[in-house]
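Predicted model, so just to flag it, every value in this text is computed and none were measured. Worth knowing before you read on, the calculation uses all heavy atoms, side chains too, and leaves out hydrogens, waters and symmetry mates.
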Amino acid sequence: MSGRVVLVTGGASGIGRAVAEAFAAAGDRVAVADVDGAAAERVAAGLGGEGAGVAVTMDVTDQASVAAGVAEVADRLGPVEVLVNNAGIVAGGGLLVDLPIEILDKVVAVNVRGTFAVTQAVAAQMIGAGRGGCVVNISSIGARQPTAGMGHYEATKAAVDALTRTAALELAEHGIRVNGVAPGPVHTPMTAGLMENPQARGAWEARIPLRKIAQTGDITPLVLFLASPSAGHVTGAVVQVDGGQLLV
């Protein structure tokens, strides 16, 4: 079978779905992993010809679920060659003094523990296969630019950036590159409430020099590039796609 084996977590919607579709369109075989197994099945079924996509039910906060999911991908498609750690949540918002600790715990579990657990399992598989590989973590410019009420989410994305750099350092000897993509706000189901509120949307757009919210299609080309041979000497980088928001 042609094409690389690509695993995309949180692949049933938003950026993850767009990334899965982009890799499949490029000829790769994509495992769409999501805690919502039925949604993952629908996305995988739409990825094209036989073997282009498979669905894997995976809860990234559960190490046993991660291990089983990564093993399932290897059984059905072969060892993972490209991992996109996209699964992430916001789970709400609130100032530091008001935010329920349960929300913080939930976001840390998905965004930090989940990224760590899936990277750990896939990297071990890549090392065992002995063919190298690529990891691309979906971060956020929030890791570098604070927004009131979003500190819990932004702290987890700063942790993802740190994991990206450490993993790049540790896995380089195995021919595994690890990079990150840091979007600003993007049109996705997770931001639907923001997009439907003219005041809130206008406030975000006012922070962006290009004066527009990104579409998922603005993010996918960089993900594919970082996973490609053209980026063969790039590792440990976290690249923003934010319309210039970090400039102001």
Side-chain angles (χ1 to χ4, degrees), residues 3-11 15-16 18-20 22-23 26 28-33 56 58 60-61 63 66-67 69-71 73-74 77-88 108-144 153-183 219-242 246:
R4 299 168 300 174
V5 176
V6 180
L7 169 61
V8 182
T9 68
I15 294 173
V19 166
F23 274 109
D28 292 314
R29 292 170 287 149
V30 183
V32 180
V56 177
M58 181 188 294
V60 299
T61 71
Q63 192 171 24
V66 169
V70 171
V73 175
L77 296 178
V80 176
E81 295 163 272
V82 177
L83 165 64
V84 181
N85 277 310
N86 168 76
V108 169
V110 175
N111 298 2
V112 182
R113 178 188 171 94
T115 299
F116 186 99
V118 180
T119 302
Q120 184 180 59
V122 171
Q125 190 180 91
M126 287 176 173
I127 291 169
R131 300 200 300 265
C134 302
V135 178
V136 181
N137 295 325
I138 305 301
S139 180
S140 167
I141 63 167
R144 287 174 271 176
Y153 172 78
E154 292 167 344
T156 65
K157 291 303 186 176
V160 168
D161 288 356
L163 285 172
T164 299
R165 292 186 290 269
T166 301
L169 185 65
E170 293 183 359
L171 298 175
E173 66 178 284
H174 302 288
I176 301 169
R177 298 185 298 103
V178 186
N179 292 291
V181 173
I219 312 304
T220 54
L222 180 58
V223 177
L224 266 65
F225 167 72
L226 289 173
S228 76
S230 296
H233 203 57
V234 181
T235 196
V238 179
V239 186
Q240 71 261 26
V241 187
D242 65 349
L246 286 180

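Here the CD atom belonging to Gln240 is positioned 5.0 Å from the CG atom belonging to Leu246, to the nearest 0.5 angstrom. The structure places NZ of Lys157 at 9.5 Å from OG1 of Thr164, a figure rounded to the nearest 0.5 Å. With rounding to the nearest 0.5 angstrom, the CG atom of Leu7 is 8.0 Å from the CG atom of Asn85. Between Ser139 atom OG and Asn179 atom CG the span is 12.0 Å, to the nearest 0.5 Å. One distance of note links CZ of Arg144 with CD of Glu154; it measures 12.0 Å at 0.5 Å rounding. Atom CG of residue Asn86 and atom OG1 of residue Thr115 lie 9.0 Å apart, to the nearest 0.5 angstrom.
Looking only at side-chain heavy atoms (C-beta outward), Val30 and Val19 stay at 4.5 Å or farther from each other. Within the 4.5 Å cutoff, the side chain of Val118 has heavy atoms near those of the Leu83 side chain. Proximity of Val82 to Asp28: side-chain heavy atoms (C-beta onward) are nowhere separated by under 4.5 Å. Residues Val122 and Val135 are not in side-chain contact: their nearest non-hydrogen atoms beyond the backbone lie 4.5 Å or more apart. Residues Gln125 and Val73 form no side-chain contact, since every pair of their non-hydrogen atoms from C-beta on lies 4.5 Å or further apart. For the pair Arg131/Glu81, a side-chain contact is recorded, criterion being any heavy-atom separation below 4.5 Å from C-beta on. When side chains are defined from C-beta on, Ile127 counts as touching Leu171, because their heavy atoms get closer than 4.5 Å. Between Pro79 and Val5 there is no side-chain heavy-atom pair separated by less than 4.5 Å.
Here the side chain of Thr156 pairs a donor or acceptor atom with the backbone of Tyr153 at under 3.5 angstrom. Proximity of a side-chain donor or acceptor of Arg177 to a complementary backbone N or O of Gly132 within less than 3.5 Å is not detected. With hydrogens and angles ignored, the 3.5 Å screen pairs no side-chain donor or acceptor of Thr61 with any backbone N or O of Ala109.
In plain terms, the two heavy atoms of Ala227 and Phe23 that are nearest each other are CB-CZ, 3.9 Å. Looking at every heavy atom in both residues, Ala117 comes nearest to Val66 through O-CG1, 3.8 Å. Contact record, Ala31 with Val56: CB-CG2, 4.4 Å, taken as the closest heavy-atom pair. When all heavy atoms of Val70 and Met58 are compared, the pair lying nearest together is N-CE, 4.0 Å. The two residues Phe225 and Ala231 make their nearest non-hydrogen contact at O-CB, 3.3 Å. Between Asp161 and Ala143, the shortest heavy-atom contact is OD2-CB, 3.4 Å.
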- request: Give the C-alpha distance, both sets of side-chain angles, the deciding distance and a yes or no for side-chain contact (heavy atoms from CB on, under 4.5 Å) between Arg113 and Val108.
  value: CA-CA 6 Å; Arg113 178 188 171 94; Val108 169; 5.6 Å; no
